[in-house]
Undergrad: 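Just dropping this structure here.
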Amino acid sequence: MQPKLKRLLGWVFLGGLLTGGLAGLAGFGVGHLSASSPEAADRIAALEIIGFGVFGLIAVGVSLWVSVYWMRSIDEAAREAHKAAWFWGGSGALLLGLPLMLIATLPQTADWRLPDWFYGRSDPVAHAALGAGGLLVLMLAGYTVAWAWWWFKRR
């Protein structure tokens with residue numbers, strides 16, 4: 001990769017992180033101010049959600065832009081390695097989550113209690129977020145294994 005391109009990508013990534021981080025911190029900070037009434041607390045909670053939402057959107061946008069720019073700058077062999085790794089590794093690992101989802105729908109699991117791994121919360125939204133994060137970890141692990149396999153097979 002060209003030094004000028006590397007420097008540009010670094011600045012774009014840093015700028016996106018700083019902008020998104022400031023938006024998230026603003027929402028987080030406003031959300032933790034003391035409220036004098038329940039209505040004020042609701043407004044503060046809404047601002048916190050908006051702040052984290054803005055942070056997430058900026059992070060996604062910057063990541064997507066940097067990824068597309070990077071993918072266009074690498075050679076064809078590297079591009080094929082990443083595409084194959086995402087198809088075989090990411091999709092294959094995603095399928096590993098299917099049996100867990102099917103088991104969770106059985107009536108026998110209605111009394112199961114999962115540990116409070118998500119900030120001490122045990123509500124359905126926390127479990128959904130934990131499940132989504134777990135699937136992402138599975139997909140990244142599958143991608144990494146498939147990517148390494150692709151390169152070792154061709155060396």
Undergrad: What pair of heavy atoms forms the shortest contact from A81 to W150, and how long is it?
TA: CB-CE3, 3.2 Å

Undergrad: Which donor-acceptor pairs under 3.5 Å do side chains of residues 84-102 form with protein atoms, sequence neighbours excluded?
TA:
residue: S91; atom: OG; partner: F87; partner atom: O; Å: 3.0

Undergrad: Under 3.5 Å, side chain of S73 to main-chain N/O of W70, donor-acceptor pair present?
TA: yes

Undergrad: Report the relative orientation of the aromatic rings in Y69 and W65; use parallel for angles under 30°, tilted for 30 to 60°, perpendicular for over 60°.
TA: parallel

Undergrad: Could you give all pairs that pass the salt bridge (Lys or Arg N to Asp or Glu O under 4.0 Å) test and reach residues 68-77, with sequence neighbours left out?
TA: none

Undergrad: When clusters are formed from ILVMFWY side-chain contacts under 4.5 Å, directly or step by step, what else is grouped with L57?
TA: none

Undergrad: Please tabulate, for the side chains in residues 128-144, all donor-acceptor contacts under 3.5 angstrom to protein atoms that are two or more places apart in sequence or on a different chain.
TA:
residue: Y143; atom: OH; partner: H82; partner atom: ND1; Å: 2.4
residue: T144; atom: OG1; partner: L140; partner atom: O; Å: 2.8

Undergrad: Output every pair passing salt bridge (Lys or Arg N to Asp or Glu O under 4.0 Å) with a member in residues 77-87, not counting sequence neighbours, ordered by first then second residue.
TA: E80-K83

Undergrad: Please enumerate all residues that pass ring pair (Phe, Tyr, Trp, His ring centres under 6.0 Å) together with W149, with sequence neighbours excluded.
TA: none

